[in-house]
Amino acid sequence: MDTLLERRALISAAVTVFIVILLFVFNLQRALVLGAIGGAAYGFMALGLVLVYKSSGVFNFAQGEFGTVAVFALWGATSNDIPYPLAILLALVAAVVTGLVTERIVIRPLFDAPRVTLLVATAGVALLAIGLEFWFGEPKLRAVEPALGRLGRFKLFGAAVADQEILLIVVLLGLGILLALFFNRTNLGLAILGASQEPTATELVGISVRRLSSFTWALSALLGGLAGVLAVPIAKTFGPGVMTSGYLIPGFTAAVLGGMTSLPGAFVGGTIVGVAQAVAVTAPAMEDVPGQSALAVFVLLLLVLVIRPQGLLGKSA
Amino acid sequence: MKRNTRTWIMILCAAIIVLAACGQKSGVSLTASGGGSGDSGSLDGGDEGFGDGGGDGTSTDGTGSSTGGTSSGGTTGGGTSGGTTGGTTRTGTRTGTGTGTGTGGTAAPDRTGINDAEKTITIGIHAPVTGAAPIEQKTFEYGKDVYWDWLNDNGKLFDGYRVIVKFRDDQFDPVTARRKCAEMVEQDKVFLLIGGAGADQITACANYANSKGIPYLSAGVNTEGLDGLRTYFALSQTYAQQSKPLAQLIKNQIGKTKVGLAVLDTKSFADARVSAIKEFQAAGLQIVADKKVPKTAGPNEAKAVAGDLQSAGAEVVYALVSPTIFLYMAQGAASNAYFPQYVGPGVTNGLNTVAKLGCPGIGAAKFFSPFPQLDVIDSMDPAYKPAYKKYATEQEADDIGIALWGLNKGLHQMFKAFPDAKSLSRQSFIATVAGGQTFETGVYPKVTYGPTSRFGADSVHLLTADCQTQQYRTTTRFAKGF
């Protein structure tokens with residue numbers, strides 16, 4: 001166990017050092033900062049995806065919409081002069097309620113269905129949510145202000161970092177650590193892991209797998225909501241489906257890169273995806289490549305899947 | 001990870017890579033390149049003697065079998081140039097040379113969309129109200145009929161014809177745009193088409209319209225992909241035409257010399273980018289960065305582009321990107337404490353929505369526009385605001401309404417060139433509009449087209465963002481230079 005952990009930590013450190021050296025060699029260190037900031041939002045998305053996958057084996061295509069619902073709720077609350085902290089709270093509640101409703105109405109009835117059916121069902125939830133946002137929210141752009149408005153708190157490798165970006169990274173790191181402790185050190189966390197591996201045996205020892213499922217989806221929705229309310233205000237502008245269109249695919253990529261079952265992997269994967277995007281857009285060599293940022297991310301993903309299918313920090317089957 | 005899971009992921013990734021690798025919305029290359037089509041010959045040569053044989057040598061089905069020479073000359077002359085037997089590939093750019101022989105013919109005037117019994121003329125408008133660069137749908141719905149409703153109560157069209165406007169959302173996607181235009185042509189039987197916004201979508205639809213011999217109007221966007229289309233008319237200057245006055249603006253009014261370019265990575269904008277570089281250099285400006293921005297760029301990529309412009313020391317940023325990406329870029333720049341002077345050609349970055357959402361990051365951004373802003377419309381066209389209030393169900397007038405008002409007013413000026421509705425057909429419309437008359441609306445710039453010239457606007461409006469009011473102000477009207 002310890003050897004395995006050490007090996008994974010070594011891989012993670014080696015990959016990080018290699019990437020950093022490459023960026024410095026090619027004078028792209030600014031992309032490191034931009035990528036780490038952008039990647040934090042993907043990391044959040046990946047954490048939520050990993051959580052659901054870890055507990056139920058489902059690829060949750062609705063994860064982005066938990067975030068979008070939260071952003072709409074934040075916008076609605078702040079537009080009605082509700083204080084920002086309370087608005088964030090309301091937004092997160094909206095996300096969690098959406099997660100619980102999804103679990104109760106869509107996931108639970110399909111609990112014993114093949115995983116592919118559940119995957120399609122979550123995609124259906126995402127499309128329905130986007131449709132409702134268009135219907136009730138009108139297809140137009142809106143603006144939502146960040147919780148912390150100060151820009152350019154400090155400069156790192158030529159990239160200025162805003163307070164909201166620092167907040168995003170700090171919250172992500174904190175939650176990552178808390179979740180790791182939760183899954184490794186608490187009975188509830190171990191029960192969730194047990195339910196994902198042996199649901200029948202878990203039921204036999206008196207743990208309600210269905211109740212665990214509700215908890216997991218609520219937690220996952222909370223992470224999606226946090227991603228929305230922390231990341232979207234950095235760009236300020238949003239529209240219907242903003243988290244699905246802008247963050248879901250990079251989030252999936254981050255989760256797979258990190259190893260699908262690894263919470264630290266989600267964080268590492270998010271950072272790598274963010275850096276890959278930033279490098280693709282800023283590197284002079286990539287300038288004439290059409291769709292360079294998306295291309296870079298998916299080439300990276302394919303390489304990892306071919307060379308190390310379990311992801312950087314995941315366990316092999 | 002289970003094998004099945006990996007298989008699913010691989011399939012998903014492969015699909016996305018194919019899309020991403022295209023680098024632009026699918027279908028643009030098919031619809032934008034090659035220009036003319038071979039099957040339009042038979043629609044030409046109506047009663048105004050504008051038969052020009054077949055298309056320009058690019059078959060839309062890729063078979064390269066355009067056969068000109070069959071178009072009719074009508075009453076005042078035969079087809080003048082014959083058809084085409086060359087230029088047969090999808091990717092070729094108008095390489096065909098006319099070798100056919102135009103023969104006078106008997107094609108009837110195409111009056112599709114004109115109902116003399118009910119005295120109506122049906123036209124179609126498409127614009128993106130969903131997708132990556134949405135424009136508010138309600139404003140389109142409110143604004144599309146206002147001019148024609150007002151006209152019906154104030155002077156009438158011909159002897160009482162009503163214009164019915166059909167609208168379709170093209171979803172900021174050229175393939176969808178082409179499909180929606182085809183729907184309006186085949187199902188709604190529109191007389192002509194108007195492109196509301198979106199260069200790729202306009203290019204796609206204009207090419208489709210040209211292939212069917214249907215008149216197509218839009219505000220000026222790109223030249224590439226539209227140049228040479230016989231049925232297309234730009235109601236304002238193209239992006240490339242705006243490069244010279246932009247260079248003058250930067251040099252003579254803004255007074256800065258280091259310029260960075262941020263241009264959307266789409267084929268449609270290639271000519272604008274080349275002309276901007278040429279004109280800026282000719283004006284003695286220094287181009288310190290030339291960034292191609294992915295069409296699907298999100299906040300992170302846009303911020304990275306802004307960072308590159310900042311690193312290069314760009315004092316002025318020439319932005320030719322969609323409003324969403326411009327907003328991401330300006331916000332990303334602001335978060336780096338970078339506030340350059342943004343400039344760019346019109347159309348959509350000068351909308352008040354951009355000022356409302358983008359301030360303070362966009363600063364005093366200056367964009368050209370084919371239409372003026374709300375601050376001066378009363379003095380330029382006093383009828384607009386009262387008409388909007390009356391016919392748009394008590395809505396407050398907005399700038400998209402001005403854009404639609406100006407487009408429809410321009411079309412009305414073209415209709416006025418006909419003595420009566422009976423003389424109006426698709427062929428006669430194209431021939432008359434291209435006949436050298438000047439059309440003036442007082443909202444859009446004056447336009448004059450020739451037999452081969454479809455980009456006849458003579459000026460632009462300059463709009464400047466005012467972050468106090470979060471609106472654009474009209475700084476200069478009908479400017480020809482700075």
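Keep in mind that what you see is a predicted model, and the values were worked out from it rather than measured. Protein chains get the first letters and strands the later ones, always in sequence-line order, with residue 1 at the start of each.
When heavy atoms are compared at a cutoff of 4.5 Å, B:Asn300 approaches chain A solely by way of its side chain, counted from C-beta outward. Only the side chain of A:Ile37 has a heavy atom closer than 4.5 Å to any heavy atom of chain B. Contact annotation for A:Arg142: only backbone heavy atoms (N, CA, C, O) come within less than 4.5 Å of a heavy atom of chain B. The part of A:Glu165 that comes within reach of chain B is its side chain, from C-beta onward, which places non-hydrogen atoms under 4.5 angstrom from that chain.
Partner A:Val304 forms a side chain to side chain contact (heavy atoms under 4.5 Å, CB included) with one of A:Ile272, A:Thr253, A:Val299, A:Leu257 and no other, that one being A:Leu257. Checked against A:Phe72 for a ring pair (Phe, Tyr, Trp, His ring centres under 6.0 Å), the options A:Phe238, A:Phe134, A:Phe136 give a single hit: A:Phe238.
Counting heavy-atom pairs closer than 4.5 Å to chain A, the top residue among B:Asp290, B:Val293, B:Leu357 is B:Leu357. The most heavy-atom pairs under 4.5 Å with chain B, out of A:Gln164, A:Gln277, A:Arg115, A:Lys155, come from A:Gln277. Looking only at heavy-atom pairs under 4.5 Å with chain A, the residue among B:Ser335, B:Gly298, B:Ala304 that has the most is B:Ser335.
Using a 4.0 Å cut-off between charged nitrogen and carboxylate oxygen, B:Lys267 and B:Asp200 do not count as a salt-bridge pair. Using a cut-off of 4.0 Å between Lys/Arg side-chain N and Asp/Glu carboxylate O, B:Lys180 and B:Asp170 are scored as not salt-bridged.
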Evaluation steps, side chain to side chain contact (heavy atoms under 4.5 Å, CB included), between A:Thr78 and A:Glu145: CA-CA 9 Å; A:Thr78 51; A:Glu145 296 295 330; over 6 Å; no
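Relative orientation of the B:Phe367 and B:Tyr472 rings is perpendicular, given thresholds of 30° and 60° on the angle between their planes.
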